[in-house]
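I have placed the structure first, in the form of structure tokens, so that the comments after it can refer back to it.
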Amino acid sequence: MSSSKNSRPAPSSSVPKQGSARSAAGAPRTTAASAPKNAGAAAPPVDASRPQIRPKAEGWQQPMDAEGRPKLQFAQPKVKQPPKHLADMTLDERITRAKELGISGFRAKQLSVHYFRHYTSDPDQMTDLPAETREQLVEEFLPPLLTEVRRLKTYDGATIKFLWRLFDGAMVESVLMRYRSRITLCISSQCGCGMNCPFCATGQNGLTRNMSSAEIVDQIVQVNRAIAAGELDAPNAAEIAEEADHAALGEETDFAESEESAAAGKGASSSSGVGPQRVSNIVFMGMGEPLANYKRVMNAVRRMVDPAPEGLGMSARGITISTVGLVPAIRKLADENLPITFALSLHAPDDELRDELIPVNSRWKADEAIDAAYHYYKTTGRRVSIEYALIKDMNDHQWRAELLAEKLNARGRGWVHVNPIPLNPTPGSIWTSSEPEVMRAFVNRLESLGVPTTLRDTRGKEIDGACGQLAAAEE
Ligand code: SAH
């Protein structure tokens, strides 16, 4: 184990800056010279002489800034914003607005129940509201936000990708994944993305605009409506058994609480006892960088967590925010006093590679991002996740597993787990996922160094609904 330490390239003091790093791209970074020394018992042969592939955009032009670095867009362009919707407002704000319209505040509450508990925006179904105010209320508080354009289901019926058109023609996607004991929705927070990561399809067209809080929440409400209509198949016996296997391998199964709260909701419990009948878990892993749209995302999270009629009454623990590493926003998130789950897209432990793989690393380095993740853990007590897309010959080397373990362990034990995921293909790219045995070796090395690690599945790949594949084209 210790022997492979020597196989790590020189420390970053000798690492060239971005521009020159690229010119060094051809030079294998696996230190072919020192590798044979370690090719004995400890180091698996797969690590010995593999080339160092470097990231660069393929099949598309990566926009650059004036200094020749990949462009980052933190602020949205000045474009028209979506109409205000009930889900943008707190219950008090809705009541105040109703009164301004000469309608009793109680009606705003009833309307909120229709939306958050019955998932309806259809005035005809709101029979407890006086006919003459229904239309007015719906027009004022429930403007249509997401229009379903297309729905793609995997052949096993367990994964559905939804394509939505927003009021201005912008398109976003959400991916619904049914597991035995939870239903997870992967949601979008921005139209496009300004983070420009070369391996992710979403960033290829830059950032169109931020999504509003209500647009973010409406993804869940519309999907809950589809589930309530029976459109998500129930798991079969084989899948249940398979998932039990996963659990035995250490798959996260810590979302029981959200299922309890789901069970309290309408139509929640299923007689077969195989989990909730509405979305129980949310991952902000669809389109966009959630922390670049901080205010609206947090307002949306409040709506998800607050019980009806204020919101959806979901468990905060079942909500995961994933970020490319916007350090000040991570620290702010830690202070929100909400037990949400935090995930950092690290993808490389060394700045030399991460500078190229994650353009925002030019602002906040790998160590700063890891420090911020650790701060999140210290402040909230919630174990954090490190996401790591395994890309063949790029970031899957043994020495990187070791460097990652070293950096995580240096901050403490038990505060973090690593979620490697095989890279999903994106249009035009020749990069590919690491080989299975290399992935296993990467995971094993982390585990052997005391870092809990779970290889994530690549749900939805065949419908381009997996991580990094969401690009929302109408075809
Ligand atoms: N902007 C956020 C959330 C969106 S992406 C973030 O970066 O975390 C959700 C996860 O999918 C991130 O970890 C992202 O790096 C990863 N991802 C992007 N493209 C991918 C690809 N082609 N294959 C596998 N994972 C990918």
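Counting starts at 1 for both ligands and their atoms, following the listed order.
Taking 4.0 Å as the cut-off between side-chain N and carboxylate O, Arg456 and Glu387 count as a salt-bridged pair. Using a 4.0 Å cut-off between a side-chain N of Lys or Arg and a carboxylate O of Asp or Glu, Lys80 and Asp168 do not qualify as a salt bridge. A salt bridge between Asp88 and Arg303 is absent, with no side-chain N of the basic residue lying under 4.0 Å from a carboxylate O of the acidic one. One finds a salt bridge joining Arg209 and Glu215 here, because a Lys/Arg side-chain nitrogen approaches an Asp/Glu carboxylate oxygen to under 4.0 Å. A salt bridge links Glu336 to Arg302: at least one charged side-chain nitrogen sits closer than 4.0 Å to a carboxylate oxygen.
Here the protein heavy atom with the shortest distance to atom 10 (C) of ligand 1 is Glu387 OE2, 3.5 Å. Atom 23 (N) of ligand 1 has Asn424 N, 2.8 Å as its closest protein atom, hydrogens excluded (heavy atom only). Atom 25 (N) of ligand 1 has its closest protein heavy atom at Cys467 CB, 3.4 Å. With respect to atom 19 (N) of ligand 1, the closest heavy atom belonging to the protein is Gly468 CA, 3.0 Å. Counting only heavy atoms of the protein, atom 4 (C) of ligand 1 lies nearest to Gly286 O, 3.5 Å. Protein heavy atom at the shortest distance from atom 5 (S) of ligand 1 is Met285 O, 3.9 Å. Looking at atom 7 (O) of ligand 1, its nearest protein heavy atom turns out to be Ser345 OG, 3.4 Å.
Which parts of ligand 1 touch Thr426 is read off a 4.0 Å heavy-atom cut-off, strictly below it: atoms 22 (N). Atom numbering of ligand 1 starts at 1 in the shown order; those under 4.0 Å from a heavy atom of Cys200 are 18 (C), 19 (N). When each atom of ligand 1 is checked for a heavy atom of Phe284 under 4.0 Å away, the hits are 3 (C). Using a 4.0 Å cut-off to heavy atoms of Gly288, the atoms of ligand 1 that qualify are 1 (N), 2 (C), 3 (C), 4 (C).
At least one heavy atom of Glu289 sits closer than 4.0 Å to an atom of ligand 1. Taking 4.0 Å as the cut-off, Ser189 does not count as a neighbour of ligand 1 on heavy-atom distance. Within the structure, the closest approach of Cys197 to ligand 1 does not fall below 4.0 Å when heavy atoms are considered.
Contacts with ligand 1 closer than 4.0 Å are made by heavy atoms of both the backbone and the side chain of Val324. The proximity of Leu344 to ligand 1, defined as any non-hydrogen pair under 4.0 Å, does not occur for either the backbone or the side chain. Counting heavy atoms closer than 4.0 Å to ligand 1, residue His347 contributes side-chain atoms (C-beta onward) but none from N, CA, C or O.
Not a single N or O atom of Leu423, backbone or side chain, sits closer than 3.5 Å to an N or O atom of ligand 1. For the pair Ala389 and ligand 1, the shortest N or O to N or O distance does not fall below 3.5 Å.
Taking a 6.0 Å sphere around NZ of Lys84, one finds it holds 12 or fewer heavy atoms contributed by other residues, nucleotides or ligands. The neighbour count for Lys365 NZ, taken as heavy atoms of other residues, nucleotides or ligands under 6.0 Å away, is above 12.
No donor-acceptor distance shorter than 3.5 angstrom exists from the side chain of Asp396 to the backbone of Leu390, with no hydrogens or angles considered. Between the side chain of Thr453 and the backbone N or O of Val451, at least one donor-acceptor pair lies under 3.5 Å.
In summary, of the residues considered (Leu166, Ile216, Val223), a side chain to side chain contact (heavy atoms under 4.5 Å, CB included) with Leu146 occurs for Leu166 alone.
With Gly203, Cys186, Ser322 as candidates, the residue nearest to atom 2 (C) of ligand 1 on a non-hydrogen basis is Ser322.
Every residue meeting the side-chain hydrogen bond (donor to acceptor under 3.5 Å, both in side chains) condition with Arg411, not counting sequence neighbours, appears here in chain and number order: Asp367, Asp371.
The aromatic rings of His347 and Phe199 sit perpendicular to each other, their planes meeting at more than 60°, with 30° as the lower class boundary.
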